[in-house]
Amino acid sequence: MDENVCVWDSTDSSNADGDGVDPDICVIPKLNTESIPEVGKEFDSLQDVYNFYNNYAEKAGFSIRSHSSKKDRLTGEIKRKEYVCSKQGTYCRPEAEGRVRKRRRVKVRQDCKARIGVVKCHESNKYSISLFEEVHNHSLTTPDKVHLLRSHRDVRESRKALQIDQLGVVNTPTHQPVSNLEVQAGGMENIGCINKDFYDWETNMHTQLLEHDVELLSEHFGAEKRKSESFYFKMEANSSGRLTNLFWADSTSRRAYKFYGDVIVFDTTYNTNRYGLVFAPLIGVNNHGQTIILACAFLSKETTESFVWLFDQFKNAMPGPPPKMIITNHDAAMTKAIVQALPTTYHILCIWHILNKFSEKVNPPTLRDRFSDLNACIWDIDTTIEFESKWLTLITENGLNDHPWLSSIYDLRDKWVPAYVKHVFSAGMSSSKQPESSHAFFKPYVSRKNSLMDFVVRFERGLAKQRHEELYADHVDCNEKPASLLETSMETQVAGLYTKALYQKFQKEELKSLKCFLQCTTSDDRQRVYKVTERIKPGVSKVKEVVYDVSADLASCSCKHLESCGIPCRHVLAFLKHEQVEYLPDKYLLKRWMQRTKSALVFDCDAIKIKDHVDRCVLMRRSTLSKLAITLIDSASMSEEAGKLLLETLQGVQEKIESMGQEIGHAQGSAKAVASDSQTVTLMDPLRVRVKGKEKAMDQLKRWCTECSSFPVNNDDTTQSMPNTQSSPIVSLMDEFDIYASASSHPVL
């Protein structure tokens, strides 16, 4: 028993009741006079009363909780309040109902009478202690276990915001930041709470967000709009006021579209939120060959109308004309929408998605035995006639003439086979794994359990990292000169113009041009035709055809690499070398691959300049303060006098910061209240929707069975089952997300 506790045992153990609690045991804590409550002591607020009694309880070794209260009937003001020992009351055994309880609660209540009561004094307008019972009928907790009692456990605000939230932005499991806190604090006992508290806090936040998700998101986008006029977002609701479609693009994405909006990838195969809404990003590629996000949308339905709405918003938001090419997965509704909303845009299907389905749709032994032939048929053939002949031969030899899926994709061959589509510029994305890289990009930052607000904050964090990689690539181009291999004039010229990534691709083509040999087959006043033989390895070679247009002074190759990727192929470079061309002519250089692509000014349709928005980051500010604090702590720890000085100084600074925080919080609360009053339309959270397509639907069924032990509900207000939770003020929820959103604005440098 602790030395600060005095115990009177008036009976022997034979008088103990069946629950193992002796009602005649009297335990009175012995503490300093200042810590012991006294009748008549006054406090400014009930929070001060709670803090004082909880402080006393922590030193004594017990936990407290709020108990009864009495309010004024007219004003609703609390006139009397009691706080009791957590073991107050009696344990009620559940009645036998013939069913197994899902949760078996432990017995905590022991009818302890220890408590404190306060009443409101009208003269002083303060709360005064009117009742204090200090005797407990149970043993008290020892000092080494006090931190485990409920009222003495608290997930501190700073740790919530700067540990759990920040690591949650990248979907880090909760146990990892808890482990970090344990190391920083020097042990779990010094954190101030236990693992369960972090999980409970996370669950509580998700519960509070129910039915406030869209409202929070609207507030967040409104704040972004106030920070930057170039931020664009649009929300659409159904007749019931529930969100159905959402589109947004920030200033950086809108500006990037001006330079890299010639080719976009539109992918709707993501399922990244708890409502089952389809996440539809519009993706491009920058001058470094990196994936960039041009705009994002959530759609409740994959219908032609939804896609048309999205493309219309995309055209309204982006400066410049519609894209020249759009790459999508195969979807009939999407195809109709593109014809309606983007009639001048060349539409092709993503070859990566189609090839991925071969293993699912085609008999595996057949695919394994003839995969190399099939691969060569798709990738190595330059003409449409040759492809059709080779394809039909392969299908016939393997007895797949009546295969429905192969027949369907063959009918769509002009939308995905390289021989049909490589004459149009695609920035290399039609034949690359750009969708796969975008999937890999989203995966660490998003989860199917995300609310919309969760998703956007995590997504912005990932977007910041993506943009930092682009910034680093720009830095490399400015400060590092790529190594030259052949040291030709053309190589030196391109190295000074193109980004490092694109120069390396050009360098690869130039090196392979040394293995190409030309033979003129036809020549007249209008054009010259060359047979270009590339030696792959001894006994193996590939033949292409280069046609030189005399009037246009332009060479084109049958591989169409220049037309589709914007970089001269090895065959054209071999021709230029044959013609003794020292420098690469301008007509072979594409501006979008150059280092200075983004140097121009960009204006929207209203002639308003679009510029990247830069804001101060709370993480960078915290990093600076943390470094200084750690240095001071290390220095002060070596001396008792220095440690005392630092402690007194920090306590004084803490009081000033807390007073500043109260003033700022009051001002922010007033501003948010005004904003809330001025809002004319309030949207409700979307219902859970069915996902289009068998793969998505089956995936969703598995997910709901795992998490909820039930199937997805219908998209109907009458049949939708939503948890019943008490809604909390939206202002308090926005306070939780203020630092949450700020932390995602920029990467940690």
Side-chain angles (χ1 to χ4, degrees), residues 1-7 16 19-22 25-32 35-37 47 49-67 82-92 101-116 133-165 167-168 173-207:
M1 186 64 63
D2 190 86
E3 61 181 3
N4 291 332
V5 178
C6 183
V7 180
D19 291 334
V21 178
D22 193 333
I25 291 181
C26 299
V27 181
I28 301 178
K30 285 187 177 180
L31 301 174
N32 297 329
S35 304
I36 300 176
Q47 185 62 48
V49 177
Y50 177 86
N51 292 341
F52 176 79
Y53 192 47
N54 196 45
N55 226 10
Y56 164 76
E58 183 177 13
K59 295 176 181 178
F62 67 97
S63 179
I64 69 169
R65 58 183 170 83
S66 178
H67 189 45
E82 280 192 4
Y83 298 96
V84 299
C85 173
S86 60
K87 293 183 181 292
Q88 178 270 343
T90 57
Y91 174 71
C92 297
R101 293 175 61 87
K102 292 184 178 180
R103 181 178 179 183
R104 296 183 179 181
R105 295 185 178 274
V106 296
K107 185 168 64 173
V108 177
R109 307 291 177 87
Q110 297 182 9
D111 200 22
C112 180
K113 303 299 183 183
R115 69 188 63 215
I116 186 176
E133 292 286 348
E134 60 180 338
V135 180
H136 297 261
N137 68 344
H138 55 86
S139 59
L140 302 181
T141 304
T142 56
D144 61 330
K145 300 186 185 71
V146 168
H147 69 280
L148 300 175
L149 296 175
R150 186 180 296 274
S151 69
H152 308 308
R153 304 198 316 252
D154 178 37
V155 183
R156 302 294 300 274
E157 294 296 327
S158 60
R159 286 168 177 168
K160 285 193 296 186
L162 298 172
Q163 293 289 339
I164 305 302
D165 284 355
L167 294 176
T174 304
H175 67 84
Q176 291 187 16
V178 173
S179 300
N180 294 339
L181 284 176
E182 180 183 358
V183 173
Q184 293 177 11
M188 284 296 296
E189 66 276 7
N190 298 324
I191 293 179
C193 53
I194 60 177
N195 282 0
K196 182 177 180 296
D197 295 328
F198 289 100
Y199 289 98
D200 289 345
W201 173 80
E202 190 178 46
T203 302
N204 182 56
M205 279 299 303
H206 283 218
T207 302

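As a basis for the values below, the full set of heavy atoms in this structure was taken, side chains included, without hydrogen atoms, waters or symmetry mates. Bear in mind that the values here come from a model prediction, so they are computed numbers and not experimental data.
In summary, D111 and R109 do not engage in a salt bridge, as defined by a charged side-chain N under 4.0 Å from a carboxylate O.
Between the side chain of N51 and the main chain of Q47, a donor-acceptor pair closer than 3.5 Å is present. Judged by distance alone, the side chain of R65 and the main-chain N or O of Q88 form a donor-acceptor pair under 3.5 Å. At distances below 3.5 Å, not a single donor-acceptor pair connects side-chain atoms of S63 with backbone N or O atoms of L149.
Of all heavy-atom pairs spanning A114 and Y53, the tightest one is C-OH, 4.0 Å. The shortest non-hydrogen separation linking I116 to P37 is CD1-CB, 4.0 Å. Here the shortest heavy-atom pairing between F62 and C85 reads CD1-SG, 4.1 Å. Residue Y83 comes nearest to S66 through the heavy atom pair CD2-CA, 3.8 Å, listed as atom of the first residue, atom of the second, then distance. For A57 against I64, the heavy-atom pair with the smallest separation is CB-CG2, 3.6 Å.
Interatomic distance, CZ of R153 versus CG of L148, reported as 7.5 Å (0.5 Å rounding).
When each of V84, N137, V27 is checked for a side-chain contact (heavy atoms from CB on, under 4.5 Å) with C112, only N137 meets the rule.
Taking 4.5 Å as the limit, some side-chain heavy atom of H136 sits within range of a side-chain heavy atom of P29.
With sequence neighbours left out, the side-chain hydrogen bond (donor to acceptor under 3.5 Å, both in side chains) criterion links E82 to R80, R115.
N54 and E58 share no side-chain donor-acceptor pair at under 3.5 Å.
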